[in-house]
There are 2 protein chains.
Amino acid sequence: MNKKQLQSEQTKKRIVDAARALFVQKGYKATSIEDIVAATGSSKGNIYYHFKSKEGLFLTLLEDWDREWDVQWSQKEAQYTSVAEKLYGMTDHLVRDDMNHPLTKASDEFFNSDEISPEGEERIAQLVENHLQFFRKLISQGIENQEFKSENVEHVAITLESLFLGLSQMARKLTLDEALALYQSAIGVFLHGMVKKSA
Amino acid sequence: MNKKQLQSEQTKKRIVDAARALFVQKGYKATSIEDIVAATGSSKGNIYYHFKSKEGLFLTLLEDWDREWDVQWSQKEAQYTSVAEKLYGMTDHLVRDDMNHPLTKASDEFFNSDEISPEGEERIAQLVENHLQFFRKLISQGIENQEFKSENVEHVAITLESLFLGLSQMARKLTLDEALALYQSAIGVFLHGMVKKSA
DNA sequence: AAACATACTGAACGTTCATTCTGTATCTTA
DNA sequence: TAAGATACAGAATGAACGTTCAGTATGTTT
């Protein structure tokens, strides 16, 4: 790699890092390209040289984030035996991660915004699909284990994804400890239900 | 009530109805005051005469909607005996309602947007609090009944609200029937859990 | 070193919108 | 019927922002 390519990668990284920090702090819409310019020292034109659009930049961030999360999780996963334990462990990991690197708020805002290009929709759908894939796998595993009831895997996966999606929005004003307690409690309900004697 | 007050109420209603339809169709941000002007025949100035701001108008809509929903529900509630049945019935009612008068999309967008005034925050918090209140009551009832386990009511209420919040976002591209099936399945999990033999 | 490609600059553009303001019409009240 | 209040009109304002583009600089290749 020659000097120019190296330089280029470094600036790209500078942009990505600054953008991530800003999106986390201020949310998607409230972070302007101008803000990113101010934070990087790079120019507007340069940002558009490296990224197709603000949306594209943001989506890149989300995709990177998910990828990193997967890597970290797969390192931790081995230490859990039952699927129930995995779920608790994953939740713990997720909450701690969401509270520190939370593109969560920005991404909820982004998902629910109405200025998303068709390409953006596509990339979001892919992200969601990855999450569902993850949950499907976990649930199937639980069923094969005889640990879980044999329910409709697709429905349960969407239910789990919905639960986490909703929790992340409800937990925004909570402290880390409160959030942890809430999430663990929610997983408890997911696992054992609310009805006293289950069939 | 004299002629002028009557006239005034009618225009206000025209605005509210048109705005609701537009917000439902296009979402919050994408609905401009101009759109509402076009749909009502009223002028911009007049809309601002009747409503403090776009945000205020929207919040009014949400509050009305919740109030109407409560009224409708309390008429239906009597027909269910167990809390579990109530939950299923409520979900059914909710899904059918959400699919027809769905400010759902717009309100998710609005909640997650970043241009909310302090007063708006306050009114949203109140709406959420009402939902939680509703769920707390339901859950407490289940516990008193001996129908539900004696869990942390607050956590379970937030869990339920989160679940519905998440589901409404995940169910957007589904048909009514698919959504109904998903919601019912989710309630099943909420009631009975996924683990095979519950304690 | 000349030709070329890549990286970068920043002013200008274009559009979108909520909100305000000045003025006018309609109705009520004294 | 005159004075006052209420309801309504719609042009003007003004700020925010993402994106583009013509041009410059820096590094690479021949």
Side-chain angles (χ1 to χ4, degrees), chain A residues 1-19 22-23 25-61 106 109-110 113-120 123, chain B residues 1-19 22-23 25-61 106 109-110 113-120 123:
Chain A
M1 191 178 310
N2 54 27
K3 188 175 175 184
K4 206 158 196 183
Q5 290 173 312
L6 193 76
Q7 185 69 254
S8 187
E9 276 204 8
Q10 285 176 344
T11 29
K12 201 162 176 178
K13 187 170 186 315
R14 278 213 329 273
I15 295 171
V16 162
D17 288 340
L22 284 166
F23 283 133
Q25 260 183 23
K26 315 178 52 169
Y28 178 71
K29 177 86 191 306
T31 298
S32 65
I33 301 291
E34 201 67 54
D35 289 334
I36 301 175
V37 165
T40 54
S42 245
S43 68
K44 268 189 184 179
N46 199 24
I47 289 171
Y48 278 86
Y49 177 77
H50 286 288
F51 297 92
K52 187 181 171 193
S53 62
K54 184 185 176 184
E55 178 187 283
L57 170 55
F58 185 70
L59 255 356
T60 300
L61 256 41
E109 180 198 336
F110 183 75
S113 113
D114 58 347
E115 291 157 323
I116 303 179
S117 73
E119 190 208 325
R123 290 169 75 178
Chain B
M1 188 180 308
N2 56 32
K3 187 175 174 184
K4 205 155 196 183
Q5 287 173 312
L6 192 77
Q7 185 68 254
S8 187
E9 275 204 8
Q10 284 176 345
T11 30
K12 202 163 176 177
K13 187 170 185 315
R14 278 212 331 272
I15 295 171
V16 162
D17 288 339
L22 284 165
F23 283 133
Q25 260 183 25
K26 315 179 52 170
Y28 177 71
K29 179 87 190 306
T31 298
S32 64
I33 300 292
E34 201 67 52
D35 289 334
I36 302 176
V37 165
T40 52
S42 246
S43 68
K44 270 190 182 178
N46 198 25
I47 290 170
Y48 277 87
Y49 176 77
H50 286 287
F51 296 93
K52 189 183 170 191
S53 63
K54 184 184 176 184
E55 179 187 283
L57 171 56
F58 185 70
L59 254 358
T60 300
L61 256 41
E109 180 198 337
F110 183 75
S113 114
D114 60 346
E115 292 157 322
I116 303 178
S117 73
E119 191 208 325
R123 290 169 75 179

### Query
For the pair made of CD1 in B/Ile36 and P in D/dC8, what is the distance, rounded to whole Å?
16 Å
#### Entry: N or O in side chain of B/His50 less than 4.0 angstrom from D/dC8 OP1/OP2
yes
### Query
Checking A/Asp17 side chain against A/Arg14 main chain: does a donor-acceptor pair fall under 3.5 Å?
no
### Query
What is the distance from CD of B/Glu115 to P of C/dA18, rounded to the nearest Å?
10 Å
### Query
If only side-chain N and O atoms of A/Ser42 are considered, is one of them under 4.0 Å from the OP1 or OP2 phosphate oxygen of C/dT9?
yes
## Note on the structure
To the nearest angstrom, the CZ-P distance between A/Arg14 and C/dA7 comes to 14 Å
### Query
When only distance counts, do a donor and an acceptor, one from the side chain of A/Lys54 and one from the base of D/dT19, lie under 3.5 Å apart?
no
### Task
Taking A/Asn2 for its side chain and A/Gln5 for its backbone only, find out whether a donor-acceptor pair lies under 3.5 Å.
yes
### Query
Taking CD1 from B/Ile47 and P from D/dC8, how many angstroms apart are they, rounded to a whole number?
11 Å
### Query
Within the structure, does a side-chain N or O atom of A/Thr11 lie under 4.0 Å from either OP1 or OP2 of C/dC8?
yes
### Task
Mind checking B/Thr40 for me? I need base, sugar-phosphate or nothing, with any heavy atom below 4.0 Å counting as a touch.
nothing
### Summary
Per nearest nucleotide of DNA chain C, the residue lying toward the 5' end, B/Ile33 or B/Gln5, is B/Ile33
### Query
Nearest of C/dT6, C/dC17, D/dC8 to any side-chain atom of B/Gln7?
D/dC8
### Ionic contact status for B/Lys13 with B/Glu9, cut-off 4.0 Å
no
### Query
Separation of B/Lys12 atom NZ from D/dA7 atom P, in whole Å?
9 Å
### Query
Within less than 4.0 Å of OP1 or OP2 of C/dT19, is there a side-chain N or O belonging to B/Tyr48?
yes
### Task
Measure from NZ on A/Lys29 to C1' on D/dA16 and round the result to the nearest Å.
8 Å
#### Entry: Spacing of A/Glu55 atom CD relative to D/dC17 atom P, expressed in whole Å
17 Å
### Query
Looking only at N and O atoms, is any donor in the side chain of A/Lys44 or the base of C/dT9 less than 3.5 Å from an acceptor on the other one?
no
### Message
Heavy-atom nearest nucleotide on DNA chain D for B/Ser43 versus A/Ala30: which residue maps closer to 5'?
### Response
B/Ser43
### Message
If I take atom CG from residue A/Asp114 and atom NZ from residue B/Lys26, how far apart are they, to the nearest 0.5 angstrom?
### Response
9.5 Å
### Query
Would you call the rings of A/Phe23 and A/Tyr28 parallel, tilted or perpendicular if under 30° counts as parallel and over 60° as perpendicular?
parallel
## Note on the structure
Picking from D/dT28, C/dA7, C/dT28, the nucleotide nearest the side-chain atoms of A/Ser8 would be C/dA7
#### Entry: A/Asn46 side-chain N/O to C/dT9 phosphate OP1/OP2 under 4.0 Å
yes
### Query
A/Glu34 CD to D/dA16 P: how many Å, rounded?
11 Å
